[in-house]
Amino acid sequence: MSRQPRISGQYQHIIVRGIGRQLLFEDTADREKYISLLKRYAPETGVSVLAYCLMENHIHILIHDDNNAISAFMKKTGVSYAYYFNMKYERSGHLFQDRYKSEAISDDAYLLCVFRYILNNPVKAGISGAETYPWSSYREYGKENTFTATEILHDLIGNEESFRALMRQLDTAEYMEAEKPKKDDEWALEVLKKTLNVASGIYLQKLERKQRDEAIRLLKAKGISVRQIERLTGINRGIIQKA
């Protein structure tokens, strides 16, 4: 039988996605802003963030909560970030896809599995090694005066050496895949900016249909996939395919 978590309360794996697969972060400042909101609203609402990882169009957060405050925490964070993002990029409407998704965690083994999965997301996506990815809490484990409450997991994981060993528990093939050059969304965003001479893919939403479709065709010719254009611009995939 699996053991119950060593600390009482509710553990949740939270996933937040951009609406229509849109990018949630256009630059470093955006990512820093979102992390600053996590730091602000976690103590304000009384939740503990054990781990987080900001990807390009989605976010993973591992939360421990004794006070049934996860909804308040996610609402404050989401509303504040959407307001910031819409103001910065002169857009309107929803930024996030529906309500965040959450999955309850009921035992120690699954808790460690989710913790490892979140921090290894950049590896599985073929972006970078977990230890070198700058937008996760990987390097906060075992450190004092950090935002994430990793002390909650110390009894299960152990010291930093044990933590690194846990993080390495991926198939060799997955690590090899991470080392391969990949035309990811970061690459595509740079190509988009240089090709169209714009600061953000969201700019395409403001164009007339003829100009928009011409811009989309240019991006396709540069090797950016339909799904990447969808994520970068927030434009419906069907429109992109027909352009």
(request) Tell me, please, which residues at least two apart from H58 pass ring-ring contact (aromatic ring centres under 6.0 Å, His included). (result) H60
(request) Could you give me the CA-CA distance, side-chain angles and deciding distance for Q10 and D66, then say whether side-chain contact (heavy atoms from CB on, under 4.5 Å) is met? (result) CA-CA 6 Å; Q10 186 180 52; D66 280 321; over 6 Å; no
(request) Could I get the full list of ring-ring contact (aromatic ring centres under 6.0 Å, His included) partners for H94, not counting sequence neighbours? (result) none
Please tabulate, for the side chains in residues 195-205, all donor-acceptor contacts under 3.5 angstrom to protein atoms that are two or more places apart in sequence or on a different chain.
unit_1 : atom_1 : unit_2 : atom_2 : d
T195   : OG1    : V191   : O      : 2.7
S200   : OG     : E26    : OE2    : 3.2
S200   : OG     : I202   : N      : 3.2
Q205   : NE2    : T233   : O      : 2.6

(request) Begin with the C-alpha distance, continue with both residues' side-chain angles, and end with the deciding distance and a verdict on salt bridge (Lys or Arg N to Asp or Glu O under 4.0 Å) for K143 and E160. (result) CA-CA 9 Å; K143 301 295 192 300; E160 289 185 51; 3.1 Å; yes
(message) To the closest 0.5 Å, what do you measure between CG (D108) and CG (L156)?
(response) 4.5 Å
(message) Could you check whether any side-chain heavy atom of C53 comes within less than 4.5 Å of a side-chain heavy atom of P122, counting everything from C-beta outward?
(response) yes
(message) With clusters defined by side-chain heavy atoms of hydrophobic residues (ILVMFWY) lying less than 4.5 Å apart, directly or transitively, does F96 cluster with I19?
(response) no
(message) Could you work out, with side-chain hydrogen bond (donor to acceptor under 3.5 Å, both in side chains) as the rule, every residue matching Y84, not counting sequence neighbours?
(response) D30, K88
(message) The criterion is side-chain hydrogen bond (donor to acceptor under 3.5 Å, both in side chains); which residues satisfy it with Q211, sequence neighbours excluded?
(response) none
Let me check something: any side-chain donor-acceptor pairs from residues 32-41 under 3.5 Å, sequence neighbours excluded? List them with distances.
unit_1 : atom_1 : unit_2 : atom_2 : d
S36    : OG     : K33    : O      : 2.6
Y41    : OH     : S80    : OG     : 3.0

(message) Would you say that more than 12 heavy atoms from the other residues, nucleotides or ligands in this model lie under 6.0 Å from the NZ of K75, or not?
(response) no
(message) If you define the side chain from C-beta out and look only at heavy atoms, does anything of Q12 sit under 4.5 Å from D65?
(response) no
(message) Does any part of the side chain of T45, heavy atoms only, come nearer than 4.5 Å to the side chain of I70, both counted from C-beta?
(response) no
(message) Under the rule for side-chain hydrogen bond (donor to acceptor under 3.5 Å, both in side chains), what residues qualify as partners of T148, not counting sequence neighbours?
(response) E140
(message) Under the salt bridge (Lys or Arg N to Asp or Glu O under 4.0 Å) definition, can you give me all pairs with a residue in residues 210-229, not counting sequence neighbours?
(response) R209-D213
(message) Could you check whether any side-chain heavy atom of I118 comes within less than 4.5 Å of a side-chain heavy atom of S136, counting everything from C-beta outward?
(response) no
(message) Rounded at 0.5 Å granularity, tell me how far CG in L62 sits from CZ in R116.
(response) 13.0 Å
(request) Indicate yes or no: at least one non-hydrogen side-chain atom of R231 is less than 4.5 angstrom from one of E56. (result) no
(message) Using a 3.5 Å distance criterion without hydrogens, assess whether the side chain of N67 forms a donor-acceptor pair with backbone atoms of A69.
(response) no
(message) Using the rule given for side-chain contact (heavy atoms from CB on, under 4.5 Å), can you reason through L153 versus L111, listing the C-alpha separation, both sets of side-chain angles and the distance that settles it, and then say yes or no?
(response) CA-CA 9 Å; L153 298 172; L111 177 61; 3.6 Å; yes
(request) Kindly indicate whether the side chain of L50, heavy atoms from C-beta on, has any atom under 4.5 Å from the side chain of Y11. (result) yes
N/O donor-acceptor pairs under 3.5 Å from side chains in residues 234-243, not counting sequence neighbours:
unit_1 : atom_1 : unit_2 : atom_2 : d
N236   : OD1    : G238   : N      : 2.7
R237   : NE     : E230   : OE1    : 3.1
R237   : NH2    : E230   : OE1    : 3.4

(request) Return yes if some donor-acceptor pair links the side-chain N/O of T77 with the main-chain N/O of M74 below 3.5 Å, else return no. (result) no
(message) Using the ring-ring contact (aromatic ring centres under 6.0 Å, His included) criterion, which residues pair with Y89? Sequence neighbours excluded.
(response) F85
(message) What's the separation between atom CD in E190 and atom CG in D185, rounded to the nearest 0.5 Å?
(response) 12.0 Å
(message) Tell me whether the count of non-hydrogen atoms from other residues, nucleotides or ligands lying under 6.0 Å of CD in E90 goes above 12.
(response) no
(request) Indicate the atoms forming the closest heavy-atom contact of A130 with L119, along with that distance. (result) CB-O, 3.3 Å
(request) Could I get the full list of side-chain contact (heavy atoms from CB on, under 4.5 Å) partners for Y83, not counting sequence neighbours? (result) M87
(request) Check the pair Y117, K124 against side-chain contact (heavy atoms from CB on, under 4.5 Å), reporting the backbone distance first and the verdict last. (result) CA-CA 9 Å; Y117 172 80; K124 296 179 72 64; 4.0 Å; yes
(request) Specify the closest pair of heavy atoms between G223 and Q228, including all atoms of both residues, with the distance to one decimal. (result) O-OE1, 4.5 Å
(request) Side-chain contact test, heavy atoms from C-beta onward, threshold under 4.5 Å: evaluate it for Y100 versus R17 and give yes or no. (result) no
(message) If the test is ring pair (Phe, Tyr, Trp, His ring centres under 6.0 Å), which one of Y133, F163, F115 qualifies with Y138?
(response) F163
(message) I want to check something: taking the side chain as every heavy atom from C-beta on, are I61 and I59 in contact at a cut-off of under 4.5 Å?
(response) yes
(message) Between R91 and N86, do the side chains contain a donor N or O and an acceptor N or O under 3.5 Å apart?
(response) yes
(message) Quick check: is W187 connected to L232 through a chain of hydrophobic side chains (ILVMFWY, heavy atoms under 4.5 Å apart)?
(response) yes
(request) Please step through side-chain contact (heavy atoms from CB on, under 4.5 Å) for the pair W135 and T28, ending with a clear verdict. (result) CA-CA 9 Å; W135 306 114; T28 295; 3.5 Å; yes
(message) Quick one: does any side-chain atom of N120 pair with a main-chain N or O of V123 as donor and acceptor, under 3.5 Å?
(response) no
(request) State which residues pass side-chain hydrogen bond (donor to acceptor under 3.5 Å, both in side chains) with N159; sequence neighbours excluded, sorted by chain then number. (result) S162
(request) Find the distance between CG (D184) and CE (M55) and round it off to the nearest 0.5 Å. (result) 9.0 Å
(request) Could you tell me whether E131 and R164 have a side-chain N and a carboxylate O separated by less than 4.0 Å? (result) no
